[in-house]
Peer 1: 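I have a structure I would like to understand better, so I am pasting it below and will then ask my questions one at a time.
Throughout, a chain's letter reflects where its sequence line sits, starting with A, and its residues are numbered from 1. Scope of the values below: all heavy atoms of this structure, side chains included, with no hydrogens, waters or symmetry mates.
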2 protein chains.
Amino acid sequence: MALRHAVLAALLDGEFSGYQLAKAFDVGVANFWHALPQQLYTELARLEKEGLVEGRQVVQETRPNKRVFRVTDTGRDELEKFAASTSKPSFIRDDLLVKVQSADRIGTAQVIEQLDERVAAAEAKIALLDDLLRQMRGDADEEEFLRHGERIGPYLTCLRGVAFERGQRDWCLRIAAVLRERQAAHAGR
Amino acid sequence: MALRHAVLAALLDGEFSGYQLAKAFDVGVANFWHALPQQLYTELARLEKEGLVEGRQVVQETRPNKRVFRVTDTGRDELEKFAASTSKPSFIRDDLLVKVQSADRIGTAQVIEQLDERVAAAEAKIALLDDLLRQMRGDADEEEFLRHGERIGPYLTCLRGVAFERGQRDWCLRIAAVLRERQAAHAGR
DNA sequence: CTTGAGTAGTCACATTCTTGAGTATGATGG
DNA sequence: CCATCATACTCAAGAATGTGACTACTCAAG
């Protein structure tokens, strides 16, 4: 029941349409909450019905019109209440880890390939997020920005995202190396 | 649709009852897949019906009888097929990050408290996993074990778990410090 | 002048996950 | 001896998520 809060939190930075939110959920927000566009549209409709967000039509000439939403005071209260409630421990779900868990009982070759792909994906994500961070902090250096910036929330969650991706990359590199070495040892027998 | 594969992967290490699996999912397996006991019982029943696992009754004297399961050849094939299929990118979902995202627009005090709790939880988890790792590798040192151990899958996923928890802890410490400093600066104005 | 990509959104269905309660037994601690 | 914890498992209901297909418009490249 916290997709709603992720949406509210994302809308704190201004007015967004469902489509724009979907973009945001693909990059920054994905660091802590993953959701498909359909879910966002559904959730926005529900939030509007409950008065937590307000939508208004924006007529566009060169593209389809859109509806943008912003958080109402009621919505802000809801976020406050959510912030005060106890958090559940975060959880990860990762197909690839399931495969690594069984790596030595089944074929490892395919798993190694996927580890390599993951490394590349992680590096791309790191680059993307680093750019995002640079954009957010502007000229200031990080310490400076974190002390005096006025909107640091998204920056902080991006930091977590970068750290996660780095961890992901390093782990994948190491595991791929380990599995390769074992494969070589096995072949040389 | 990968809880089934997580269960199969967990059962590669021997015969387990639903109850025992639930324990495993609470510690080691939780590093890459989180599931409640009820889901495991349901999944085991389904897997048995489809012939991917086989259960047998174990009569116990001092405790309730149990049914333990092991993977069948069909189940092993299914895992192979799964390992060869492309993985979806892993995703995180974390209440606390949602709160941090909106931290500077709502009250931060409660969030700081929760960050502290998270630090403690992460440290406990790290200790637990370090123990688990030590148990798994026995006398050998890590390099040695990873080269020649015969069952390293669970060890590798635990390494990821430890790294994740360390990342979690470090990030929480940093963010809590940042928010505290801003809080102090704000109060001093 | 057509194909493909990007913008903007909707509908319906199916699966999965969570919540909450409940059964039954033996062991442990005060 | 009574309460509580640990083992071992089940059922039902409801909320959240995911999958796939679809509409409609504009712009740019080939």
Side-chain angles (χ1 to χ4, degrees), chain A residues 1-8 15-27 29-30 32-50 53 55-69 82 85-95 98, chain B residues 1-7 15-27 29-30 32-50 53 55-69 85-95 98:
Chain A
M1 182 120 127
L3 169 58
R4 62 190 312 104
H5 300 111
V7 170
L8 287 172
E15 288 186 325
F16 295 105
S17 67
Y19 192 79
Q20 289 172 298
L21 270 185
K23 300 273 162 190
F25 268 73
D26 236 30
V27 283
V29 185
F32 53 91
W33 209 272
H34 150 89
L36 298 167
Q38 292 95 319
Q39 281 176 271
L40 300 178
Y41 287 114
T42 313
E43 196 59 47
L44 282 170
R46 191 152 33 187
L47 284 168
E48 193 180 22
K49 210 178 63 190
E50 293 174 32
V53 304
R56 67 184 177 84
Q57 180 87 3
V58 173
V59 178
Q60 300 186 119
E61 282 178 15
T62 90
R63 307 147 185 235
N65 297 339
K66 61 181 175 182
R67 301 200 67 217
V68 295
F69 297 88
F82 173 69
S85 72
T86 63
S87 321
K88 337 189 165 163
S90 74
F91 69 84
I92 321 172
R93 275 195 176 156
D94 196 332
D95 278 13
V98 176
Chain B
M1 184 120 129
L3 169 59
R4 63 191 308 106
H5 300 110
V7 170
E15 288 186 324
F16 295 105
S17 67
Y19 192 80
Q20 289 172 296
L21 270 185
K23 300 275 159 186
F25 268 73
D26 235 32
V27 283
V29 184
F32 54 92
W33 211 273
H34 149 91
L36 299 167
Q38 290 95 318
Q39 281 176 273
L40 300 177
Y41 286 114
T42 313
E43 196 59 46
L44 281 171
R46 191 151 34 186
L47 284 167
E48 192 179 22
K49 209 178 65 190
E50 293 175 31
V53 304
R56 69 185 175 85
Q57 181 87 2
V58 173
V59 179
Q60 299 185 115
E61 282 179 15
T62 91
R63 312 154 179 229
N65 297 339
K66 61 182 176 181
R67 301 200 67 217
V68 296
F69 297 87
S85 72
T86 63
S87 319
K88 340 190 162 160
S90 74
F91 69 85
I92 320 173
R93 271 186 183 162
D94 196 332
D95 278 13
V98 176

Peer 1: Could you report the tightest heavy-atom contact between B:Gln20 and B:Phe16, atom names first, then the distance?
Peer 2: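 Looking at all heavy atoms of both residues, the closest pair is OE1-CA, 3.5 Å.
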
Peer 1: Whole angstroms only, please: what is the CG-P distance between A:Leu36 and C:dA14?
Peer 2: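 The distance from CG of A:Leu36 to P of C:dA14 comes to 18 Å, rounded to the nearest Å.
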
Peer 1: Return the minimal non-hydrogen interatomic distance between A:Gly18 and A:Tyr41, and the atom names on each side.
Peer 2: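 Shortest heavy-atom contact: CA-CE2, 3.7 Å.
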
Peer 1: Do the side-chain N or O atoms of A:Tyr41 get closer than 4.0 angstrom to the phosphate oxygens (OP1, OP2) of C:dT10?
Peer 2: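 Answer is no, no contact under 4.0 Å.
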
Peer 1: For A:Leu21 and C:dG9, give me the distance from atom CG to atom C1', rounded to whole Å.
Peer 2: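 Nearest whole value for this atom pair: 13 Å.
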
Peer 1: Rounded to whole Å, how long is the line connecting atom NE2 of B:His5 with atom P of C:dT16?
Peer 2: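 Those two atoms, NE2 and P, are 11 Å apart.
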
Peer 1: Suppose we define a pair by two distances each less than 3.5 Å, Watson-Crick or G-U wobble; what does D:dA8 pair with here?
Peer 2: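 Checking every strand shown, D:dA8 finds its partner in C:dT23, with both distances under 3.5 Å.
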
Peer 1: Is the distance from OP1 or OP2 of D:dT17 to the nearest side-chain N or O of A:His34 less than 4.0 Å?
Peer 2: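 No.
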
Peer 1: Round to a whole Å and report the spacing from NZ of A:Lys88 to C1' of D:dA15.
Peer 2: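 Result: 11 Å.
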
Peer 1: Would you give the length of the straight line joining atom CD of A:Glu15 to atom CG of A:Leu21, rounded to the nearest 0.5 angstrom?
Peer 2: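 Reported value, rounded in 0.5 Å steps: 11.5 Å.
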
Peer 1: What is the distance, rounded to the nearest whole Å, between atom CD of A:Gln38 and atom C1' of D:dA16?
Peer 2: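 Whole-Å distance recorded here is 14 Å.
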
Peer 1: Without decimals, in angstroms, what is the distance between B:Glu48 CD and D:dC9 P?
Peer 2: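 It works out to 12 Å between those atoms.
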
Peer 1: Between C:dC17, C:dG9, D:dT7, which nucleotide has the shortest distance from any of its atoms to the side chain of A:Tyr19?
Peer 2: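 Closest of the options to the side chain of A:Tyr19: C:dG9.
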
Peer 1: Just the rounded figure in Å: distance from P of C:dT18 to CD of B:Glu43.
Peer 2: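 Interatomic distance, CD of B:Glu43 to P of C:dT18: 13 Å.
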
Peer 1: Would you confirm whether A:Arg56, through its side chain, and A:Val68, through its main-chain N or O, come within 3.5 Å as a donor-acceptor pair?
Peer 2: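 Looks like no, no N/O pair under 3.5 Å.
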
Peer 1: State the OG-CZ distance between A:Ser87 and A:Phe82, to the nearest 0.5 angstrom.
Peer 2: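 So the gap between those two atoms works out to 6.5 Å.
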
Peer 1: What is the pairing partner of D:dC1, taking Watson-Crick or G-U wobble pairs with both distances under 3.5 Å in any strand?
Peer 2: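 Across any shown strand, D:dC1 pairs with C:dG30.
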
Peer 1: Kindly give the heavy-atom pair with the smallest separation between B:Val98 and A:Phe32, and that separation in Å.
Peer 2: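 B:Val98 and A:Phe32 have their closest heavy atoms at CG2-CD1, 3.6 Å.
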
Peer 1: Measure the spacing between CD of A:Glu43 and CD of A:Glu48 and express it to the nearest 0.5 Å.
Peer 2: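 Result: 12.5 Å between the selected atoms.
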
Peer 1: Rounded to whole angstroms, how far apart are CG on B:Leu40 and C1' on D:dT7?
Peer 2: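 Going from B:Leu40 (CG) to D:dT7 (C1'), I get 15 Å.
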
Peer 1: Which comes earlier along DNA chain C counting from the 5' end, the contact point of B:Ala35 or that of A:Gly18, where each point is its nearest nucleotide?
Peer 2: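 By nearest-heavy-atom nucleotide position, the 5'-most residue is A:Gly18.
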
Peer 1: What does A:Ser17 touch in the nucleic acid at a heavy-atom separation under 4.0 angstrom: a base, only the sugar-phosphate, or nothing?
Peer 2: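 Answer is sugar-phosphate: A:Ser17 comes under 4.0 Å of backbone atoms only.
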
Peer 1: Start at the 5' end of DNA chain D and walk down; is the nucleotide closest to B:Lys23 or to B:Pro37 reached first?
Peer 2: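 The residue whose closest nucleotide sits nearer the 5' end is B:Lys23.
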
Peer 1: Considering only heavy atoms, which members of residues 56-68 of chain B lie under 4.0 Å from some atom of DNA chain D?
Peer 2: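 Heavy-atom cutoff 4.0 Å gives B:Gln60, B:Arg63, B:Pro64, B:Asn65, B:Lys66, B:Arg67.
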
Peer 1: Can you figure out which of D:dG18, C:dT19, C:dC17 approaches the side chain of B:Leu3 most closely?
Peer 2: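 The answer is C:dC17.
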
Peer 1: May I ask you to say what A:Arg4 touches in the nucleic acid, namely base, sugar-phosphate or nothing, with a heavy-atom cut-off under 4.0 Å?
Peer 2: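 It contacts nothing in the nucleic acid.
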
Peer 1: Measuring from B:Arg93:CZ to B:His34:NE2, what's the distance to the nearest 0.5 Å?
Peer 2: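 Rounded to the nearest 0.5 Å, the CZ-NE2 separation comes out at 11.5 Å.
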
